[in-house]
Each structure stands twice: as structure tokens, then as C-alpha cells.
Amino acid sequence: MPAKDLYHDTVIAALTSDGWTITDDPLQLRYQKRDLYVDLAAERGPVAAEKEGIKIAVEIKSFLNKSQVEALQEALGQFLMYREILAEIETERVLYLAVPKHIYEGILSEPLGRLMIDRSQLHLLVFSVKEERILKWIN
């Protein structure tokens, strides 16, 4: 089992207050002989305009203890690997990378971050650490 990110409980609180139900903590992805773990899985029940609920997987990144470029490289690598595995084994689930507001407004708003978001088609969940709430969904 992977270690929990510093903001793990913050993201759970933010998702829960936004109406999501945490279904897996962590979400195990088994691909062939390999087991990988996305930090969370959540579902939102059906709403009037939808026939089915929405399912997401969330990888949480705090960008601590390393250079931000190195942390972005690591986060991007994990995101791409998990997204490709989900596309094979659980196609209805959408993967999001959860980052705190200061990271989104920092390196992810710089040209390098914008390039990675656009080219890699990252789905982001931006959250407030202090308020424990979701500030922005970026698809």
C-alpha cells in the first residue's frame, strides 16, 4: 500500500462536502501481474439530467520535498500510467490529479505547467487546503 499524501484527508473532506461518496481508499488497479494504487475513487449519484452516476479516480499530489519540476514529472508520469490502465480496465472512470491551489497558481500556471496540462490532457481538481473544499475542476 502506498503512503498517504499530506493532503489525503483534505481532499476526502473536499470531495465529500461537494457531494461525492468515497468508494475506494485507495483504488487498486490490477493490470496483468502488477498492482498499482490510485489514492481515491469516488462516485456521485445520478442527477436528474443523467442516467448513471459519475465515477472518478483521484491521484493527490502535494508537490513537497522536491523541486516543483521534479514533482511535476513524477505526477505526470503517475497520471498517464493510471489513465492508460483505467482506459483498459475501467473505462467509465475519469482520472483527476488533485493539487492544492498554490501549486495550480504556481508551476501549473507557468508555461511549462500549461504545456503539460494541455498536451497531456490532464484533468485537474484544484482544492483549498485551508477551507477543505474544491475550487475548480479542469477537464
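Below, each value reflects all heavy atoms present in this structure, side chains not excepted, and no hydrogens, waters or symmetry copies.
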Residue pair Asp25, Lys4: steps toward the side-chain contact (heavy atoms from CB on, under 4.5 Å) verdict
CA-CA 10 Å; Asp25 180 9; Lys4 291 184 178 180; 3.9 Å; yes
Say you draw a straight line from OG of Ser67 to CD of Glu74; how long is it, rounded to the nearest 0.5 Å?
10.5 Å
Where is the tightest heavy-atom contact between Leu95 and Val58, given as atom of each residue plus distance?
CD1-N, 4.3 Å
Which residues pass the side chain to side chain contact (heavy atoms under 4.5 Å, CB included) test with Thr91, sequence neighbours left out?
none
Check step by step if side-chain contact (heavy atoms from CB on, under 4.5 Å) holds for Tyr82 and Glu59.
CA-CA 9 Å; Tyr82 296 160; Glu59 181 63 21; 3.4 Å; yes
Under the side chain to side chain contact (heavy atoms under 4.5 Å, CB included) rule, collect the residues that match up with Gln68, sequence neighbours excluded.
Ile103, Ile107
Should Val129 and Leu64 be counted in the same cluster of Ile, Leu, Val, Met, Phe, Trp and Tyr side chains packed under 4.5 Å apart?
yes
Using 0.5 Å steps for rounding, measure from the CD atom of Glu84 to the CD1 atom of Ile89.
12.0 Å
Return the set of residues passing ring pair (Phe, Tyr, Trp, His ring centres under 6.0 Å) with Phe79 (not counting sequence neighbours), or none when no residue passes.
none
Arg30 side chain to Leu36 main-chain N or O, any donor-acceptor pair under 3.5 Å?
no
With His123, which residues qualify under side-chain hydrogen bond (donor to acceptor under 3.5 Å, both in side chains), at least two apart?
none
For Arg114, side-chain hydrogen bond (donor to acceptor under 3.5 Å, both in side chains) partners two or more places apart:
none
So Trp137 and Trp20, would you call those rings parallel, tilted or perpendicular, with 30° and 60° as cut-offs?
tilted
Within a strict 4.5 Å, meaning less than it, do heavy atoms of the Val99 and Leu125 side chains meet?
no
Under 4.5 Å between side-chain heavy atoms, counting indirect links through other Ile/Leu/Val/Met/Phe/Trp/Tyr residues: same cluster for Val69 and Leu97 or not?
yes
Would you please name every residue forming a side chain to side chain contact (heavy atoms under 4.5 Å, CB included) with Glu43, sequence neighbours left out?
Thr23, Lys55, Arg93
State, with a plain yes or no, whether a side-chain heavy atom of Asp9 is found less than 4.5 Å away from one of Val11.
no
Passing option when Tyr96 is tested against Asn139, Ile138, Ile60 for side-chain contact (heavy atoms from CB on, under 4.5 Å)
Asn139
Does anything in residues 126-136 form a side-chain hydrogen bond (donor to acceptor under 3.5 Å, both in side chains)? List the pairs, not counting sequence neighbours.
Glu131-Arg133
Do Phe63 and Leu72 have side-chain heavy atoms sitting under 4.5 Å apart?
yes
Mind checking what makes side-chain hydrogen bond (donor to acceptor under 3.5 Å, both in side chains) contact with Ser62, not counting sequence neighbours?
Asp5
Gln28: what forms a side-chain hydrogen bond (donor to acceptor under 3.5 Å, both in side chains) with it, not counting sequence neighbours?
Asp35
Is there a chain of hydrophobic side chains (I, L, V, M, F, W, Y, each step under 4.5 Å between heavy atoms) that links Met116 to Val126?
yes
With hydrophobic residues grouped by side-chain heavy-atom distances under 4.5 Å, do Tyr7 and Leu124 end up in a single group?
no
Kindly say whether Ala13 contributes a backbone atom to a donor-acceptor pair with the side chain of Thr16 at under 3.5 angstrom?
no
Quick one: list whatever passes side chain to side chain contact (heavy atoms under 4.5 Å, CB included) with Ser120, sequence neighbours left out.
Leu76, Leu80, Leu122
side-chain contact (heavy atoms from CB on, under 4.5 Å) for Ile56 and Leu15? Distances and angles first, verdict last.
CA-CA 11 Å; Ile56 62 172; Leu15 285 167; 4.1 Å; yes
Quick one: closest heavy-atom pair of Pro26 and Tyr37, and the distance?
CG-CD2, 3.7 Å
Let me check something: do Ile22 and Leu27 share a hydrophobic cluster, defined by ILVMFWY side-chain heavy atoms less than 4.5 Å apart, either directly or through other members?
no
One should read off an interatomic distance between Ile134 CD1 and Phe127 CZ, to the nearest 0.5 angstrom, of 10.0 Å
